[in-house]
**Student:** 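My questions will all concern the structure given below.
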There are 2 protein chains.
Amino acid sequence: MKELFPIVAADVALFTVIDEALRVLLLQRDNEPQAGAWALPGALLKPETDLSLEHTARRALAAKTRVEIPHLEQVSVFSGPERDPRGYSVGVLFYALLPADQAPAVAGAKAADVAWSNVAHLKRPIAFDHREMIALATTRLRQKVERLILPLHLLSEKFTLTQLQRVCEAVMGTRLDKSSFRRRLRSEQALVEVPGDFEVGANRPAQFYRAARGFRFDIDIE
Amino acid sequence: MKELFPIVAADVALFTVIDEALRVLLLQRDNEPQAGAWALPGALLKPETDLSLEHTARRALAAKTRVEIPHLEQVSVFSGPERDPRGYSVGVLFYALLPADQAPAVAGAKAADVAWSNVAHLKRPIAFDHREMIALATTRLRQKVERLILPLHLLSEKFTLTQLQRVCEAVMGTRLDKSSFRRRLRSEQALVEVPGDFEVGANRPAQFYRAARGFRFDIDIE
DNA sequence: CATCTTATTGACACATTACCACTAAGTCGC
DNA sequence: GCGACTTAGTGGTAATGTGTCAATAAGATG
């Protein structure tokens, strides 16, 4: 049955890196349609309260997440009469990045219906067109990192260069050369050392870095 | 006054190159709100007939244009309660490319309310948030060309390398070096010669080229 | 035929990158 | 204490890509 007004919703691909693999947050659906299948967190636009669709997306995350509001970026719009059996729907896709150390707070021990699923091989059944959404969001994120726009939002405030490299490798799905990686970082001037602050372990300590002032991940609105 | 359902519309920044300048199609509004101001062509989503918002965008173009359906690409979504005085609105922005030789068919002699406006200095008063839309669409297009994704849709099927370079220069707003430009083209293998076909003029003839089979401008959906 | 204009190719310095090797600084086991 | 081990961080060289400028090619024009 066709509706006069479309359903307008925001969906969010929330990424993090766990075990050196890029993962996306999925929720198992309780209700029909597609009960049992896994979907991205999403929310319907509430015109009375949402100042924009980004606001809607934040609300969708807040409903299932106890963490700081993460970095959000718009990816694309999916629309059509057949996407959702409930009627014509317009879904605005965002992606967001969550530092790995905050990931456990989201998918808590009890929550059997919450999963950080490895993007490289999504084994769970995916609801609606969310598999395509995840693929597109992943591609978009990769393009950013390719263009040397560092996914610092996947790390905590302080991090070592090796940690940053591992995160970039997880996003890209390939290994990167240490020497080249660091040379490019130097020329970018995007990072600054945290003087006297080292990560200690069973080997040589590693210098901590943080984002230089004025760092922006969303470089294309100019 | 807040509405229960948002207005959902598609707007299109239709680009072409005239006089070696990147230009965008603007229409002067007849009706309130913002009567007299210039706006991008747009259309409201009709759930009964539009298979997707891209469909809506094509319809918006068809209403004011007599030309072949051009290449369309999604840019971004603009949303909020204040964008349009008629109520909460969700506007999906597309951009499209039109070969320069088809541009006259759009802005015909009679049409005083249709203009190909130079993107570098938009002097006309722009309606709503369409100035921001034009800026974002332009940036997106430039990023593509920067990444060596050739805007072949701005040219007719056959073209010379100099014509292609002029078009890229118009998009980027800078001059490009002939030698470097051609070297990059060679390594890309995106073009093939049209054997024995030359543009003749008051000087040395120029080889015509066309897109190689498998050419795609929309490289990021992968 | 000399001249003018644009097309097309070439040469070279310079910057960037991939790839591999090296040194540095800590812990661990003995 | 000392050598083995592990990871951090730096260098070096060959290959590749780029910016700049110049040279040559192929027409029209007078």
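Letters go in sequence order (proteins before strands), and every chain restarts at 1.
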**Student:** Taking CG from L185(B) and P from dT9(C), how many angstroms apart are they, rounded to a whole number?
**Tutor:** 12 Å
**Student:** Minimum heavy-atom separation for A127(A) and A39(A), please, with both atom names.
**Tutor:** CB-CB, 4.0 Å
**Student:** Is R124(A) close enough and on-axis enough to W38(A), meaning under 6.0 Å and within 45°, for cation-pi?
**Tutor:**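 Checked: cation-pi criterion met.
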**Student:** Between atom CZ in F181(B) and atom C1' in dT20(D), what is the gap in whole Å?
**Tutor:**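 Between C1' of dT20(D) and CZ of F181(B): 17 Å.
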**Student:** Of G201(B) and A206(A), whose closest DNA chain D nucleotide lies nearer the 5' terminus?
**Tutor:**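 The residue mapped nearer the 5' terminus is A206(A).
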**Student:** Rounded to the Å, how far apart are R184(B) CZ and dT20(D) P?
**Tutor:**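 It works out to 13 Å between those atoms.
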**Student:** Considering every strand and a 4.0 Å limit on heavy-atom distances, what is the contact class for T162(A): base, sugar-phosphate, or nothing?
**Tutor:** sugar-phosphate
**Student:** Please tell me if S180(B) has a side-chain N or O lying less than 4.0 Å from either OP1 or OP2 of dG19(D).
**Tutor:**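 Yes, S180(B) has a side-chain N/O under 4.0 Å of OP1/OP2 on dG19(D).
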**Student:** Please determine whether a side-chain nitrogen or oxygen atom of R186(B) lies at a distance below 4.0 Å from atom OP1 or OP2 of dT9(C).
**Tutor:** yes
**Student:** To the nearest 0.5 angstrom, please state how far the OG1 atom of T16(A) sits from the CG atom of L22(A).
**Tutor:** 8.5 Å
**Student:** Can you tell me the distance, in whole Å, between the CG atom of D177(A) and the P atom of dT10(D)?
**Tutor:**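 For the pair D177(A) CG and dT10(D) P, the rounded distance is 14 Å.
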**Student:** Rounding to an integer number of Å, can you tell me how far E199(B) CD sits from dT8(C) C1'?
**Tutor:**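 So the CD-C1' distance, E199(B) to dT8(C), works out to 15 Å.
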**Student:** Could you say whether N203(B) or L148(B) is positioned toward the 5' end of DNA chain D, judged by the nucleotide with the nearest heavy atom to each?
**Tutor:**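 Going by which nucleotide is closer to the 5' end, it is L148(B).
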**Student:** Rounded to whole Å, how long is the line connecting atom CD of Q207(B) with atom P of dT6(C)?
**Tutor:**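 Rounded to the whole Å, the gap is 19 Å.
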**Student:** Counting just side-chain N and O atoms, does R182(B) come under 4.0 Å of either OP1 or OP2 of dT8(C)?
**Tutor:**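 Answer is yes, contact under 4.0 Å.
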**Student:** In whole angstrom, what separates L176(A)'s CG from dA18(C)'s C1'?
**Tutor:**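 From L176(A) CG to dA18(C) C1': 12 Å.
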**Student:** With a 3.5 Å cut-off and just heavy-atom distances, do the side chain of R204(B) and the base of dA7(C) make a donor-acceptor pair?
**Tutor:** yes
**Student:** Let me know the distance between NZ of K178(A) and P of dT17(C), rounded to the nearest Å.
**Tutor:**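 It is 19 Å, rounded to the nearest whole Å.
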**Student:** Check this for me: does the side-chain of R183(A) come within 3.5 Å of the base of dG9(D) through a donor and an acceptor?
**Tutor:**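 Answer is no: no donor-acceptor pair is held.
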**Student:** Over all heavy atoms of both residues, which pair between V192(A) and A211(A) is shortest? Give the atoms and the distance, please.
**Tutor:**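 Closest heavy-atom pair between V192(A) and A211(A): CG2-O, 4.2 Å.
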**Student:** Report yes or no: is there a donor-acceptor pair, N or O only, under 3.5 Å between the side chain of S179(A) and the base of dG9(D)?
**Tutor:**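 In this structure, the two groups form no donor-acceptor pair.
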**Student:** Report the relative orientation of the aromatic rings in H153(B) and H71(B); use parallel for angles under 30°, tilted for 30 to 60°, perpendicular for over 60°.
**Tutor:** parallel
